[in-house]
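One-based numbering along the sequence shown. None of the values given here were measured: they were computed from a predicted structure.
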Amino acid sequence: SNPSANMEGSSSDGGRQQKTFSTAMSAHDAPVLTQRRLSELVKEVDPTQLLDEDVEELLMQMADDFIEGVVSSSCQLARHRKSSTLETKDLQLHLERAWNMSIPGFGGEGQSHKRSLATEAHKQRASLIKKVKR
């Protein structure tokens with residue numbers, strides 16, 4: 001069975017958008033990154049740059065593989081939490097753990113970034129340093 005998924009339909013849950021998924025993605029689906037869009041992206045980076053046709057095909061295939069892998073792994077995470085709904089938190093978790101990527105504007109639901117708590121000894125040293133500087 002193919003663990004990757006297509007997003008189909010949408011519903012709203014507490015104000016956040018959700019997409020339900022099915023395991024219907026095939027190799028015949030349209031590419032995520034078209035040749036035209038790839039050319040536009042290259043021009044944004046360097047208007048004088050041209051890509052070899054083989055490089056274009058490779059980049060388009062890499063983008064498709066990346067998206068398929070992220071969706072597949074994210075769907076596995078959703079299934080693991082016994083859900084048939086792929087949510088943003090599934091994508092976030094996979095991207096953070098597998099690729100060390102965080103998506104700006106999509107903060108974790110109730111998750112705060114791990115901050116090291118200042119120990120009492122550190123607070124005392126910092127206070128002493130401030131006193132010395134005065």
*Asks:* With a 4.5 Å heavy-atom cut-off, do L41 and R37 have their side chains touching?
*Replies:*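 Touching, per the 4.5 Å side-chain cut-off.
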*Asks:* How many angstroms lie between NE2 in H94 and CE in M101, if you round to the nearest 0.5 Å?
*Replies:*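 Between H94 NE2 and M101 CE, I get 9.5 Å after rounding to 0.5 Å.
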*Asks:* Atom CZ of R97 and atom OG of S73: how far apart are they, to the nearest 0.5 Å?
*Replies:*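 Between atom CZ of R97 and atom OG of S73 there are 12.0 Å.
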*Asks:* Please confirm whether the backbone N or O of K123 pairs with a side-chain atom of S127, one donor and one acceptor, at under 3.5 Å?
*Replies:*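 It does not hold such a pair.
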*Asks:* Check whether any side-chain heavy atom of M62 sits under 4.5 Å from a side-chain heavy atom of L33, and report yes or no.
*Replies:*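 No, side chains not in contact.
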*Asks:* From D90 CG over to Q76 CD, what is the distance, rounded to the nearest 0.5 angstrom?
*Replies:*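 Between atom CG of D90 and atom CD of Q76 there are 11.0 Å.
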*Asks:* Using 0.5 Å steps for rounding, measure from the CG atom of L128 to the NZ atom of K133.
*Replies:*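 NZ of K133 is found 11.5 Å from CG of L128.
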*Asks:* At what distance, to the nearest 0.5 angstrom, does CD of E53 lie from CD of Q35?
*Replies:*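 E53 atom CD to Q35 atom CD measures 6.5 Å (nearest 0.5 Å).
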*Asks:* Only one of L86, T88, L95 clears side-chain contact (heavy atoms from CB on, under 4.5 Å) with S74; which?
*Replies:*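 Exactly one pass, corresponding to L86.
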*Asks:* Under 4.5 Å side-chain heavy-atom separation, chaining through any Ile, Leu, Val, Met, Phe, Trp or Tyr, what else clusters with L77? Say none if it is isolated.
*Replies:*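 Taking Ile, Leu, Val, Met, Phe, Trp and Tyr as members, L77 shares its hydrophobic cluster with L93.
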*Asks:* For D64 versus V32, what's the shortest heavy-atom pair and its separation?
*Replies:*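 Taking every non-hydrogen atom into account, OD1-N, 2.7 Å.
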*Asks:* Verify the neighbour count for atom CG of D54: are there more than 12 heavy atoms of other residues, nucleotides or ligands below 6.0 Å?
*Replies:*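 Correct, the count exceeds 12.
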*Asks:* E57 and M60: side-chain contact (heavy atoms from CB on, under 4.5 Å), yes or no, with the steps?
*Replies:* CA-CA 5 Å; E57 288 180 29; M60 288 170 29; 5.7 Å; no
*Asks:* Linking I/L/V/M/F/W/Y whenever their side-chain heavy atoms sit closer than 4.5 Å, directly or via other members, would F66 and V71 fall into one cluster?
*Replies:*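 Shared cluster, yes.
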